[in-house]
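Okay, structure first, notes after.
Note that this is a predicted model, so its numbers are computed, not measured. Each chain gets a letter, A, B and so on, in the order the sequences are listed, and its residues count up from 1.
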There are 2 protein chains.
Amino acid sequence: MAGALSSRGCRRLRGAQLKDLLREKHCVLFDCDGVIWNGEKPVTGAPEVVNMLKKRGKSVFFVTNNCTRPRESYVQKFLRLGFKDVVQSEILSSSYCSAIYLRDVAKLQGKVYVIGCDGVHKELREAGVQFVEDDAAVPGATISDCPLESDVRAVLVGYDDELNFLKLAKACCYLRNPDCLFLATDRDPWHPLRGGRVTPGSGSLAAALETAAERKATVIGKPSRFMFQCIASQFGVDPRRAIMVGDRLETDILFGWSCGVDTVLTLTGVSTLEQAQAYRDSLAPEKAICVPDYVVDSIADFLPAL
Amino acid sequence: MAGALSSRGCRRLRGAQLKDLLREKHCVLFDCDGVIWNGEKPVTGAPEVVNMLKKRGKSVFFVTNNCTRPRESYVQKFLRLGFKDVVQSEILSSSYCSAIYLRDVAKLQGKVYVIGCDGVHKELREAGVQFVEDDAAVPGATISDCPLESDVRAVLVGYDDELNFLKLAKACCYLRNPDCLFLATDRDPWHPLRGGRVTPGSGSLAAALETAAERKATVIGKPSRFMFQCIASQFGVDPRRAIMVGDRLETDILFGWSCGVDTVLTLTGVSTLEQAQAYRDSLAPEKAICVPDYVVDSIADFLPAL
């Protein structure tokens, strides 16, 4: 972090340096999309890196803003893509952490109104948090006359590819109550798809709701520190002995910075080396805190040091 | 304006003052919702005020961010609610002005992808601007595999109560092309409905798209000056001889300020006298520019002066 703020950072990790770093750190936090896999394709060498780290006795955690799947389906994806022995407790998704927040921090009495996918619903159910299971678009139903539930005490917004106007309007009505909590799984603005296409992220839907409700959401996912607090409190991780490996400057690298964890940008995902260097050379503090301490082309670069 | 910036403003308009003001001004701009009507109910006395102003030879224009109806249906609404002799050319809606902008300012070659209601479609059609007429949600269609048109050169976002995720995602894909224009009808964040309910406004949907596309939209509606430019260029209106009457500080009053037009806040809509006074007493310049020069309880207060 000091590196980033004094216009250093972005150091290429190679050979002995990499070995020293891995000796120093006991815990490695990985983002998933763009870091260990891209969609259904593992990053070459990634399964071996994760495997070797665990063999060397490192704690490994996967910290993802992707809220679409429940953790159990992540476990299956890890297996399918050749990552052996990844267990559910090593996976922290923004949907899981949102459920934990509602149960343990907010100690919610009442229901949550959810804009989100199956991943959010399943994690809430597993955590015992009650939620409104909203139907898909009812033809002809409008916000003027649709029923609203009286015991909704929180609104949670995340990626929802079945979003419709009525859902947005209902959430907006619930948020008129100043005592109704307002959470967002994460602020990811968009996600890359194949063929140059993109899809709006949770951050896009959260922005719609924040504008309509004239309130700011409490954000659970990266770069908010809450996901690290979940890991630290459950597993006693010391941030000085951890590194965060990610592909998005404003999400993963800023997350590491906020948690006091050294950061590694890997170039197999969204952000580029040029962006990272431009941030390093910028005078703006809000960019300096997004500068990674280290850069690798791919996490396969870790292999020789293992 | 000088009044607002020097912490005056919010003057109550009464008796002789009101007479003087109306003598001085040749053109009166009215917002619609919350000013001359609320939904399907005219503000008491509003039809008489509009009628008398026109009889006294004043130019009267209706400047509305409501983009859901085409102007022809506004003409019908005016008649239905007792406003006689309002003609289409006196009505400037954000959908009409968006069409004018695309045709005359952007001189668009190609199509517009629209997130919006019938009002937008009809105005585009009338202006001869080609647009993509998007179907409602196609079951099972996703942004990964749906067709995209190759000649889309602009995205226009406005209030759309048939918004769905796929529409948002398509707009987001079109905006990946940096040459694709990005317009929003307006930034109204929400609108009040009966029974304390609210509905998200164009500004909410624009915020979703701005976040996902990481671009800012050019805004056509109030407080942008474009709608006044439409009036001034067509009818030769001098801003110093005009007043703007509206119910929303951040929209109508700021619009008047930006156009160099004196402003009257009427208390039959969204903003309150307390908000206006708090803005007047604030030290922040972004609030000072939203302070009305004058305040009336209702535009019926104009009647004795007419």
When only pairs under 4.5 Å are counted, which of Ala169(A), Ser144(A), Pro200(A) shares the most heavy-atom pairs with chain B?
Pro200(A)
Which one, Pro189(B), Gly201(B), Gly195(B), Gly203(B), leads in non-hydrogen pairs under 4.5 Å with chain A?
Pro189(B)
Could you measure the distance from the OG atom of Ser204(B) to the CG atom of Leu168(A)? Nearest 0.5 Å is fine.
4.5 Å
Report, as yes or no, whether the 6.0 Å neighbourhood of atom CZ on Arg194(A) holds more than 12 heavy atoms from other residues, nucleotides or ligands.
no
Between Asp145(A) and chain B, which part of the residue has a heavy atom less than 4.5 Å away: side chain, backbone, both or neither?
backbone
One should read off an interatomic distance between Lys167(A) NZ and Leu163(B) CG, to the nearest 0.5 angstrom, of 11.5 Å
Look at Ala206(B), Ala207(B), Ala171(B) and state which one has the largest set of heavy-atom pairs under 4.5 Å with chain A.
Ala207(B)
Looking only at heavy atoms, the pair that brings Arg176(A) and Gly196(B) closest together is NE-O, 4.0 Å
Answer with yes or no after comparing the ring centroid distance for Phe165(A) and Tyr159(B) against a 6.0 Å cut-off, counting only values under it.
yes
Verify the neighbour count for atom CZ of Arg225(A): are there more than 12 heavy atoms of other residues, nucleotides or ligands below 6.0 Å?
no
Could you give the distance from CG (Leu205(A)) to OG1 (Thr211(B)), rounded to the nearest 0.5 Å?
9.5 Å
Need one label for Leu193(A): side chain, backbone, both or neither, based on atoms under 4.5 Å from any heavy atom in chain B.
side chain
So for Asp160(A), is it side chain, backbone, both, or neither that comes closer than 4.5 Å to the heavy atoms of chain B?
backbone
With only heavy atoms counted, which part of Glu214(A) is less than 4.5 Å from chain B, the side chain, the backbone, both or neither?
side chain
Output the distance between atom CG (Asp161(B)) and atom CG (Asn164(A)), rounded to the nearest 0.5 Å.
11.0 Å
If you take all heavy atoms of Cys173(A) and Val198(B), which pair is closest and at what distance?
SG-O, 3.4 Å
Might you confirm whether atom NZ of Lys77(A) has over 12 heavy atoms from other residues, nucleotides or ligands at distances under 6.0 Å?
yes
Measure Arg197(A) against the heavy atoms of chain B and call it side chain, backbone, both or neither at under 4.5 Å.
both
Please check if atom CD in Gln109(B) has more than 12 non-hydrogen atoms from other residues, nucleotides or ligands closer than 6.0 Å.
no
